[in-house]
Amino acid sequence: MSKKITLTPIGGVGQIGSNSTLIKYKNEVILIDCGILFPYEDFFDINYLIPDLSKVEETPNKLIITHGHEDHIGAIVHFILQYPEVEVHAPLFAKKLIERKLGHKKMSKKIHLYNRDGYIECDGLNVLPIQVNHSIPDTYGMLLNIDETSIFFVSDFKIDQKAKFEPNFDFEKLKKNSEGKFKILLADSTNIKSKNLHTPSEEDIFPELEEIIKNANGRIFITSFASNVFRIRNFILLAEKYGKRLVPHGRSMINYIATATECEHIHETKVLRELDQIDPNDPKLIVLLSGCQGDFKGAFRRVAKGEDSNFKVKETDTFVISSKAIPGSEKKISLLINSLYELGAKVINNDEAHIHVSGHPGKEDLRILYDQFSPDVAIPIHGETEFLYQHAKWIDDNYPKTTSHVIKNFDSVQIEGTKVTLVPTDSSPEPILIHGQDLPIEKSAISERRKMACNGVIFISINKESLSKRKISIECNFMGLPLLCLDHKEVLLDYLHNFLATRKVKLLEQTSEDLRVETRRFMNNILGYKPITIVQFV
Ligand SMILES: [Zn+2]
């Protein structure tokens, strides 16, 4: 049997999100991660996008999850519904998050746990999880060993040598198990453009967070990524040290803290309270708010807009934005900050204090990985197309003996011994749009929504029985059009009456189409655009 291994990213390359990579070897068809992509343009209430697996001919028999971020596990419900027999492997924190996700859908699935010392049994392929640091507990890269070839796949990582709540990047296991082999690296490109050459440690922001918490006279509201459990753990330490009480507010903050407590990443503490155990006006209160990206349904937004039923902003409040705006969220967040200033609160943003760090490697962190692993071939992943090319250039400039390749989603990398062949795809399917109760929706339907939203709608209904009478009964209703259209309604109806009077109504279908065209033409003269027009005979 061929000893060829094929890697095909179906998401996460040329984009930040929907991380998913297919690995084929002998009888194994393994998917590493199955994440979602957050909408990158206005898709009209689309919740998220998932990779389209319809082009994948084989049925995946294993799903290996590297960590619990939504862009790595978010599509798992859809995936398990599509492949119910798949064997799922995950580290503890991701396992608990997935179980919670499946529980919401009244689904269940055995999830095999792996840890820092473990390996995942596959047919002739040795899969070794390598623990790394990131911005969520229990994050791993995967070392895939076949005979004399080692492939290290590490989509999200940082090197945090000061990490106090988890072990450091496990270079020892990585080196021990790849020594002397032909090595291929697929690594994180997220921060390749960052001016921060070394991504600071989570502990580097502790002193400034401590100063803020120590010196605040009133309540403190902190918004940060709810999945950044170790930062939350530091907030708990500071609350304990300065006699504060800490309450999570917002569904995702409550859920992540509950899951982290279950996994013992957060320990039981009397400073951590629930909403009904606190006085909302307690000046010793720290409120952890979810929705740090200004999400429309998030707690941060509700509080900052004065729309929260539990917390009303006061002049003695301090708001701490311990997160970074992801592209596309900047305006939403700055509007909330403006609103907080208007309400008289003090705001400390991450551009004026060192209160947020990334979970991805700067160039000097990448250098540590490249020096430790010494890849013969390197393929940038986890980044927009520009990042991948910049990462490849950095490899070419710094590691001339390493061959770099830039790939896109659905391209395949075939590896056999020391031979690496790229097989470009001729077409890559568009991701699937998910909305409502996790249901797919076609792009054509989104396009219709866009037209309705931008152009408004006119409903024309004609009484069929009246067609044979002298006066035809026509009704007209507008939706999403300016009020001034009402002034033209009678003229439009007269126009349509005259139009019908000049022709014999035989074919309803043709008449309906003619009326639609005439109405749109009439409205175009008034508005300068043509509303969607629906004509019905009733
Ligand atoms: Zn991640």
Participant: Please determine if Glu99 and Lys95 form a salt bridge, counting it only when a charged side-chain N lies under 4.0 Å from a carboxylate O.
Facilitator: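 Looking at Lys95 together with Glu99, the answer is yes, because their closest N to O distance falls below 4.0 Å.
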Participant: Do the side chains of Asp397 and Lys393 get close enough for a salt bridge, i.e. N-O under 4.0 angstrom?
Facilitator: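 Result for this pair is yes, salt bridge flagged.
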Participant: Give a yes or no on whether a salt bridge exists between Arg367 and Glu364, defined as a side-chain N under 4.0 angstrom from a carboxylate O.
Facilitator: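 A salt bridge is present here (some side-chain N lies under 4.0 Å from a carboxylate O).
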Participant: Salt bridge check: are Glu262 and Arg100 linked by an N-O gap of less than 4.0 Å?
Facilitator: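 A salt bridge links Glu262 with Arg100.
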Participant: Using distance only, find each side-chain donor-acceptor pair of residues 84-94 under 3.5 Å and give its atom names and separation, not counting sequence neighbours.
Facilitator:
{"unit_1": "Glu87", "atom_1": "OE2", "unit_2": "His89", "atom_2": "NE2", "d": "2.7"}

Participant: For Asp438, is there an ion pair with Lys105 - N to carboxylate O distance below 4.0 angstrom?
Facilitator: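 Yes, charged N to carboxylate O under 4.0 Å.
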Participant: Under the side-chain contact (heavy atoms from CB on, under 4.5 Å) test, which residues partner Val406, sequence neighbours left out?
Facilitator: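 Scan of Val406 (side-chain contact (heavy atoms from CB on, under 4.5 Å), adjacent residues dropped) gives Leu388, Tyr389, Ala392.
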Participant: Taking the ring centre of each residue, are His265 and Phe230 less than 6.0 Å apart?
Facilitator: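 Aromatic pair counts; centres sit under 6.0 Å.
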Participant: Taking atom types as modelled, find out whether His69 and His134 have a side-chain donor-acceptor pair closer than 3.5 angstrom.
Facilitator: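 Side-chain D/A pair, His69 to His134: present.
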Participant: Establish, from distance only, whether the side-chain atoms of Asp396 and Ser404 form a donor-acceptor pair under 3.5 Å.
Facilitator: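 Short answer, yes.
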Participant: So, do Tyr399 and Tyr370 have ring centers that fall under 6.0 Å from each other?
Facilitator: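 Ring centres of Tyr370 and Tyr399 closer than 6.0 Å.
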Participant: Can you sort out the partners of Ile348 under side-chain contact (heavy atoms from CB on, under 4.5 Å), two or more places apart, ordered by chain and number?
Facilitator: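 Partners of Ile348 by the side-chain contact (heavy atoms from CB on, under 4.5 Å) criterion, ordered by chain and then number, come out as Ile212, Thr318, Lys346, Glu352, Ala353, Ile355.
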Participant: Any chance the rings of Tyr114 and Tyr140 have centres within less than 6.0 Å?
Facilitator: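 Yes.
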